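Written below as structure tokens is the structure these notes are about.
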Amino acid sequence: MPKTTFKERVLNIVKNIKKGQILTYKEVARLAGSEKAWRAVGNILNKNQNKKIPCHRVIRSDGKIGGYNKGAKIKKELLLKEGALIKNGKMVLL
DNA sequence: CATTTGACGCCAA
DNA sequence: TTTGGCGCCAAAT
């Protein structure tokens with residue numbers, strides 16, 4: 001059985017995000033087991049950004065897009081295209 | 001092993 | 001309301 005490190009847990013959670021679902025770094029960190037590890041979460045995604053991981057579905061708590069290796073703008077467009085909507089700085093599903 | 005980095009979050013002014 | 005600064009964790013160097 002795997003040791004499931006924090007990094008692996010985070011990647012697994014992000015990978016498990018459904019279409020149209022958006023989570024904040026803080027939420028992901030909390031699901032991963034460390035509510036205050038949001039910083040590490042962003043770093044982990046940044047260094048892993050694997051194709052299987054829809055890291056573009058993870059945004060900041062402020063409702064801002066945050067960053068993306070391919071470009072934050074593209075990230076936002078991807079989210080809107082998938083059916084996600086950001087309203088009043090919050091994530092809203094269709 | 002110690003220090004810096006980083007796709008962040010929240011509080012104070 | 002907006003801007004600045006501090007705090008936090010894990011990984012990289």
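All values derive from a computational prediction rather than experimental measurement. Within every chain, numbering begins at 1; the chains are lettered A, B, ... in the order of the sequence lines, protein sequences first and strands thereafter.
- Separating the CG atom of N50(A) from the P atom of dA7(B) is a distance of 17 Å, rounded to the nearest angstrom.
- At dG9(B), one or more side-chain N or O atoms of R60(A) fall inside 4.0 Å of OP1 or OP2 (strictly under the cut-off).
- In this structure, I22(A) places its CD1 atom 15 Å from C1' of dA7(B), rounding to the nearest Å.
- When rounded to the nearest whole Å, the span between CG of L45(A) and P of dA10(C) equals 15 Å.
- One can place CD1 of I59(A) at 17 Å from P of dA7(B), the figure rounded to the nearest angstrom.
- Under 4.0 Å is where a charged nitrogen must lie from a carboxylate oxygen, and between E82(A) and R57(A) at least one such pair does.
- Considering only side-chain atoms of N43(A), the nucleotide from dA7(B), dG6(B), dA11(C) that sits closest is dG6(B).
- One atom, NZ of K36(A), and another, C1' of dC9(C), lie 10 Å apart when rounded to the nearest Å.
- Using a 4.0 Å cut-off between a side-chain N of Lys or Arg and a carboxylate O of Asp or Glu, K64(A) and D62(A) do not qualify as a salt bridge.
- Between S34(A) and dC9(C) there is no side-chain polar atom (N or O) within less than 4.0 angstrom of OP1 or OP2.
- Just one residue in the list I17(A), I65(A), I22(A), T24(A) forms a side chain to side chain contact (heavy atoms under 4.5 Å, CB included) with V58(A), and that residue is I17(A).
- Between W38(A) and T5(A), the residue anchored nearer the 5' end of DNA chain C, judged by the nucleotide with its closest heavy atom, is W38(A).
- With rounding to whole Å, D62(A) atom CG is found 13 Å from dT1(C) atom P.
- When the C1' atom of dC9(C) is taken as reference, atom CZ of F6(A) falls 7 Å away, rounded to whole Å.
- Using a 4.0 Å heavy-atom cutoff across all strands shown, A40(A) reaches at least one base atom of the nucleic acid.
- For the side chain to side chain contact (heavy atoms under 4.5 Å, CB included) with L11(A), the qualifying choice from N50(A), L45(A), N16(A), V28(A) is L45(A), the only one to do so.
- Rounded to whole angstrom, the span from the CG atom of N46(A) across to the C1' atom of dT4(B) amounts to 15 Å.
- In this entry dT3(B) has dA12(C) as its Watson-Crick or G-U wobble partner, both defining distances falling under 3.5 Å.
- If you run side chain to side chain contact (heavy atoms under 4.5 Å, CB included) between P54(A) and each of K52(A), K51(A), H56(A), only H56(A) comes through.
- Pairing for dT1(C) is absent, judged as Watson-Crick or G-U wobble with the two contacts each under 3.5 Å.
- Residue K26(A) places at least one side-chain N or O under 4.0 Å from the OP1 or OP2 atom of dC10(B).
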